[in-house]
Amino acid sequence: MRRLAIVLGGLAAVLAPVVGSFGTPAAAAADDPATLAAPVDVVQISGFLDRITLDQLTRSIERAETGGAQALIVQLNSKGAVVPTAEITELVTRMQSAKVPVAVWVGPSGAHAQGAAGQLLGAAAVTGMAPGTRVGSFGAPLPGVTLQLGEKPEELRTRTVNAVDARVRGVVRNPLSDETVPTLRNMLLALNGLSWQGRTVQTTQQVTAEDGTVRVELVAAPRLFKIGLVAQLMHSVASVPVAYLLITIGLCLLLFEFFTAGIGVAGAVGAACTVLGCYGLLALPTRGWAVALLVVAVVAFGIDVQTGVPRFWTAAGMVLFTVGSLFLYRGVHLSWLSLLVGIAGVALTFFSGMPSMVRTRFATPTIGREWMIGAPGEAVTAIDPVGVVRVGEAQWRARTNRATPVLLGGRIKVVAIDGVTLEVEPEEGGARDYRERRGADSTTTKSEETRA
């Protein structure tokens, strides 16, 4: 125990500087003039606004109010929301009534603020946009709240504008003379002097150098917060392309595992992908009938996969899968790249990959297999009339008479070989095919006539 205590003490001493670096910036260097003021919290929101990001925004406001922050900056990059309008309205009301000012910065370059997510700009105390960003396509206005979306906001319901046009229209509101706010530091400068509920935000101070020159320095350090690892994973799963690709990969892997006569890595990965894909589809505005088309398409693929040759059902499955992919979502759209990856991947899998796998899986040279006729074996799957059996140390595709199905684990014997398929029957109680009986009956009748 003493040695353990010594080891833990040494480990704590080593980790102390590292852990301390994640603490509050204002408390980390109280003697530094650049960090004397209270910090400003920053939360990053990327992707569609869902319940995970809404919860993150709400908790960020509460943390800023109770954690001693002067303000909260929301770094936004979103093309819309996938939650009911009432929940967005509730968030807007919370932003407007917060005890600390909430600012929205659309950044970095290339970011968007569209749909209901873009309307958060109208609830912010200060707004800014980095160069190369766009806002607009706000859609219908949020009911029951007043938003500051500049002049003629109705013109931005169906179109987007860049940072310069947004400032001219009054969508962007900050005291900086620059037309854009390129960095987070500029956003901190824009907050300086803002009055909110009787308090004034101080993020800068003037410092006089020895030569008499005056410069402006930041005195409020940003505290950056991100979504937790698990929450970020589920948020990513609920994105439009990821949910589609997950459900596609999951269904294909489950079908693949069905034809490998066992439960292995493909089955486990396929089940996990399917569960995550279903979660993503439930979180997104999906069409139920389109999801059903994807499932039916995979079933259609399976009909031809078992024959080892792509035929009518493979073509029908591709048509169903393509239609389901194109109309999977309501109000949001899959990118062409995602559609190409999904549709082309499925076509390659079921026109080439899966049939080749089945033929390779059950194809063993016919020459030299005569010894198997009459050999005993065991049913690896139920055979009614097609399944898989184990003869010796190998597994084979097998077929039996419909009148004598074999249960899982049942004992069989091989009676014939048809290409890559073994004709089998139960070790006891096997029935001959009706065609064999008819042939035998005809032979018997002819023999009787000859003797007569």
Side-chain angles (χ1 to χ4, degrees), residues 15-46 52-78 91 94-108 111 113 120-121 123-130 172-176 178 180-208 214-229 231-232:
L15 293 179
V18 179
V19 176
S21 65
F22 292 96
T24 303
D31 296 333
D32 188 349
T35 57
L36 290 176
V40 174
D41 286 357
V42 180
V43 58
Q44 295 178 337
I45 300 297
S46 180
I52 293 176
T53 50
L54 286 183
D55 179 68
Q56 175 74 2
L57 284 171
T58 302
R59 289 191 293 110
S60 296
I61 295 174
E62 295 174 353
R63 182 172 50 231
E65 292 175 332
T66 59
Q70 294 190 81
L72 171 67
I73 298 177
V74 178
Q75 181 178 332
L76 183 64
N77 180 16
S78 176
L91 173 63
R94 184 71 178 88
M95 291 173 60
Q96 294 174 332
S97 62
K99 297 178 181 179
V100 297
V102 179
V104 175
W105 177 55
V106 184
L120 297 183
L121 291 165
V126 174
T127 58
M129 295 175 59
V172 174
R173 306 179 310 280
N174 62 65
L176 298 180
D178 298 335
T180 60
V181 182
T183 65
L184 185 61
R185 182 181 185 277
N186 297 95
M187 198 66 191
L188 289 171
L189 295 174
L191 286 172
N192 188 61
L194 175 67
S195 179
W196 186 266
Q197 295 188 5
R199 299 179 182 180
T200 302
V201 177
Q202 181 188 3
T203 59
T204 67
Q205 69 178 9
Q206 291 185 347
V207 178
T208 303
V214 179
R215 68 179 186 274
V216 176
E217 290 187 355
L218 285 175
V219 294
R223 294 190 304 190
L224 184 62
F225 295 94
K226 295 183 178 181
I227 300 177
L229 182 60
Q232 182 63 51

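Heavy atoms only: backbone and side chains are in, while hydrogens, waters and symmetry mates are out.
- At a threshold of 4.5 Å between non-hydrogen side-chain atoms, the residues I227 and I52 count as touching.
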Report all side-chain donor-acceptor pairs from residues 98-107 shorter than 3.5 Å, counting only partners two or more places apart or in another chain.
| unit_1 | atom_1 | unit_2 | atom_2 | d |
| --- | --- | --- | --- | --- |
| W105 | NE1 | V181 | O | 2.8 |

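- The stretch residues 61-72 participates, sequence neighbours left out, in these salt bridge (charged side-chain N to carboxylate O under 4.0 Å, His left out) pairs: E65-R94.
- Contact detail for P39 and G68: the closest heavy-atom pair is CD-O, 3.9 Å.
- Atom CZ of F225 is separated from atom CG of L72 by 9.5 Å, given to the nearest 0.5 angstrom.
- Screening K226, R59, R223 for a salt bridge (Lys or Arg N to Asp or Glu O under 4.0 Å) involving D41 leaves a single residue, R223.
- Nearest heavy atom pair, residue S60 against residue V43, reads OG-CG2, 3.5 Å.
- In terms of heavy-atom proximity, Q70 sits nearest to A38 at NE2-O, 2.8 Å.
- Here N174 contributes atom CG and L191 contributes atom CG; the two are 9.0 Å apart, rounded to the nearest 0.5 Å.
- Note that CG of L194 and CD of Q202 are 13.0 Å apart. Values are rounded to the nearest 0.5 Å.
- Residue A220 comes nearest to L188 through the heavy atom pair O-CD1, 4.0 Å, listed as atom of the first residue, atom of the second, then distance.
- Within the 4.5 Å cutoff, the side chain of I45 has no heavy atoms near those of the N77 side chain.
- Summarising the geometry of P108 relative to A130, their closest heavy-atom pair is C-CB, 4.0 Å, with the distance given to 0.1 Å.
- Atom CE of M129 sits about 10.5 Å away from atom CG of L76, to the nearest 0.5 Å.
- Within the 3.5 Å criterion, the main-chain N or O of R173 finds a donor-acceptor partner in the side chain of T127.
- A donor atom on one side chain and an acceptor atom on the other are not found under 3.5 Å apart for T58 and D55.
- Within the 4.5 Å cutoff, no side-chain heavy atoms of T203 are placed close to those of V219.
- Residue pairs meeting the side chain to side chain donor-acceptor pair (under 3.5 Å) criterion with at least one member in residues 191-201, sequence neighbours excluded: N192-T204.
- In terms of heavy atoms, P222 sits closest to L184 at CB-CD2, 4.4 Å.
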